[in-house]
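Report on one structure; see the data block that follows.
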2 protein chains.
Amino acid sequence: MTSPAPARRRDAARTRQLLLDAARVRFAQDGYAATTVRDIADDAGVNVALISRYFRSKEGLFEACLTTAVDEMRRAAGSATLAEVPRRIAEQAAGIDSDGIPRQLVLLLRSSGDTRADEIRIGILRSYAENLAGLAGWTEGDDKLLLRAQIAIAASLGIAMLRSKTPLEPLASATEQDLLGPLSDLISAVVRSDA
Amino acid sequence: MTSPAPARRRDAARTRQLLLDAARVRFAQDGYAATTVRDIADDAGVNVALISRYFRSKEGLFEACLTTAVDEMRRAAGSATLAEVPRRIAEQAAGIDSDGIPRQLVLLLRSSGDTRADEIRIGILRSYAENLAGLAGWTEGDDKLLLRAQIAIAASLGIAMLRSKTPLEPLASATEQDLLGPLSDLISAVVRSDA
DNA sequence: CCGCTCAGTCAACAGACGCTTACAAGCCGT
DNA sequence: ACGGCTTGTAAGCGTCTGTTGACTGAGCGG
């Protein structure tokens, strides 16, 4: 966290990251269409024009949010066994960030209206579902099991979504521990090959 | 449905309904912020200004969509046993409408940015969760079971959401029958009092 | 057949939107 | 220290947004 550099007053990489962070919060919280580039720039404390400079456009910024979020999730996930999956999902859904918003997951569920970004989103979702199905013994062509994996993914996203903005207690403030039990039951019940 | 009146050329009630129908499709498909009043009016085949006339504002129209959608779901739901719940949810998620979009459910997950509409949404979600928990023997104060019911609701919404716009096969085009099995497993595994 | 009422039309508003351009200021190698 | 490249600023562009108010014409009681 504490960078060795003496924090240059003008630092392109730092500014880029500030924009990226602010954008992820806004996009996850308010959605793509409801977020304006001026909101993001103000949150980041930089000039609006720098969004166009560093990300070419609002859509480019959204794509960057999506890809970095996905990278982080991939890094956090690694390879897992079926038994570990509920804990991994509970971690993500509980929100590893300070404000408890599971941004990575929410970003995956929100559509942007941007074709390119939506393609990325769907590709990621597809790969997640196939990974999960694979852990349960899925082989290509087995639509039944793949459907079940996708339903499990969808359920996780729904939980993350409902936690992110909706003050629906006790779900909204449930801890990772609280979610683990129900999620384990959900995954093991839904993702089964003996459909 | 078939009104006795011979369809007057200028019919306020009919126009209002046309706007309501078009708005529900748009809001569910594209979200609140990404939908413009001109889109809705064009879909309904009426003039834009009539939205302000009949619903006071775009937000007023969204609120009307929510309340009517909720009414329809209440009417369709009625009283049910726990065993019937998966089928009811599968019906809604599969989409009883012609285009297969589960509008009612999706509307409940999409937020508008409008405070009043969000309050309605949350109230509905809370009542659904309590109903579902009640079927499993929930008594006030049992947060564990209520949490599980809310997770089941969230899962259903996530499925509906992912089906609505995302071409994620086989989930996107799964039929009510396809969903019934996995959903039954999900509900019965998640909504249990012996947590 | 007249005249009032109300459903629907039209054009325009003020503001916000994403984005671009021209310019000022900082950083670094030499 | 100074030139050249990079980083940040300010202003404005064209467009689209939700909403409004004055208008036209259909419908119906008299």
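Order of the sequence lines sets the chain letters (A, B, ...), proteins ahead of strands, with each chain counted from 1.
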Atom-to-atom span, [atom1] of [X] to [atom2] of [N] - whole angstrom:
X        : N       : atom1 : atom2 : answer
Asp39(A) : dC19(C) : CG    : P     : 14 Å
Arg56(A) : dC19(C) : CZ    : P     : 9 Å
Phe55(A) : dC19(C) : CZ    : C1'   : 16 Å
Leu50(A) : dG8(D)  : CG    : C1'   : 6 Å
Asp11(B) : dG8(C)  : CG    : P     : 7 Å
Lys58(B) : dT17(D) : NZ    : P     : 9 Å
Ile51(A) : dC17(C) : CD1   : C1'   : 12 Å
Ile40(B) : dT17(D) : CD1   : P     : 11 Å

Could you list the donor-acceptor pairs under 3.5 angstrom formed between side-chain atoms of residues 47-57 of chain B and any protein atom two or more places apart in sequence or on another chain?
| residue | atom | partner | partner atom | Å |
| --- | --- | --- | --- | --- |
| Asn47(B) | OD1 | Ala49(B) | N | 2.9 |
| Ser57(B) | OG | Glu59(B) | N | 3.4 |
| Ser57(B) | OG | Gly60(B) | N | 3.1 |

Among dG8(C), dG18(C), dT20(D), the one nearest Tyr54(B) by side-chain distance: dG8(C)

Nearest to side-chain heavy atoms of Thr15(A), which nucleotide of dC19(C), dG18(D), dG8(D): dG8(D)

With Thr36(B) via side chain to side chain contact (heavy atoms under 4.5 Å, CB included) - residues at least two apart: Arg38(B), Asp39(B)

Pairing residues for Glu140(B) by the side chain to side chain contact (heavy atoms under 4.5 Å, CB included) criterion, not counting sequence neighbours: none

Between Ser173(B) and Glu169(B), a side-chain donor and acceptor under 3.5 Å: yes

Short side-chain donor-acceptor distance under 3.5 Å, Asp178(A) and Thr175(A):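 Checked: Thr175(A)/Asp178(A) side chains pair up, N/O donor to acceptor below 3.5 Å.
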
Between the protein and nucleotides 10-15 of chain D, list every N/O to N/O distance that falls short of 3.5 Å.
none

Side chain to side chain donor-acceptor pair (under 3.5 Å) involving Gln17(A) - partner list, sequence neighbours excluded: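 With sequence neighbours excluded, Gln17(A) shows a side chain to side chain donor-acceptor pair (under 3.5 Å) to Asp21(A), given in chain and number order.
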
Asp118(A): partners by side chain to side chain donor-acceptor pair (under 3.5 Å), with sequence neighbours left out: Ser112(A), Arg121(A)

Sugar-phosphate, base or nothing in reach of Ser52(A), heavy atoms under 4.0 Å: base

Report all interatomic pairs (protein N or O, nucleotide N or O of nucleotides 23-26 of chain C) with separations under 3.5 Å.
| residue | atom | partner | partner atom | Å |
| --- | --- | --- | --- | --- |
| dA25(C) | N3 | Arg10(A) | NH1 | 2.6 |
| dG26(C) | O4' | Arg10(A) | NH1 | 3.1 |

Residue list, salt bridge (Lys or Arg N to Asp or Glu O under 4.0 Å) with Glu130(B), at least two apart or on another chain: none

Pairs meeting criterion salt bridge (charged side-chain N to carboxylate O under 4.0 Å, His left out) with involvement of residues 42-51 of chain A, two or more places apart: Arg26(A)-Asp43(A)

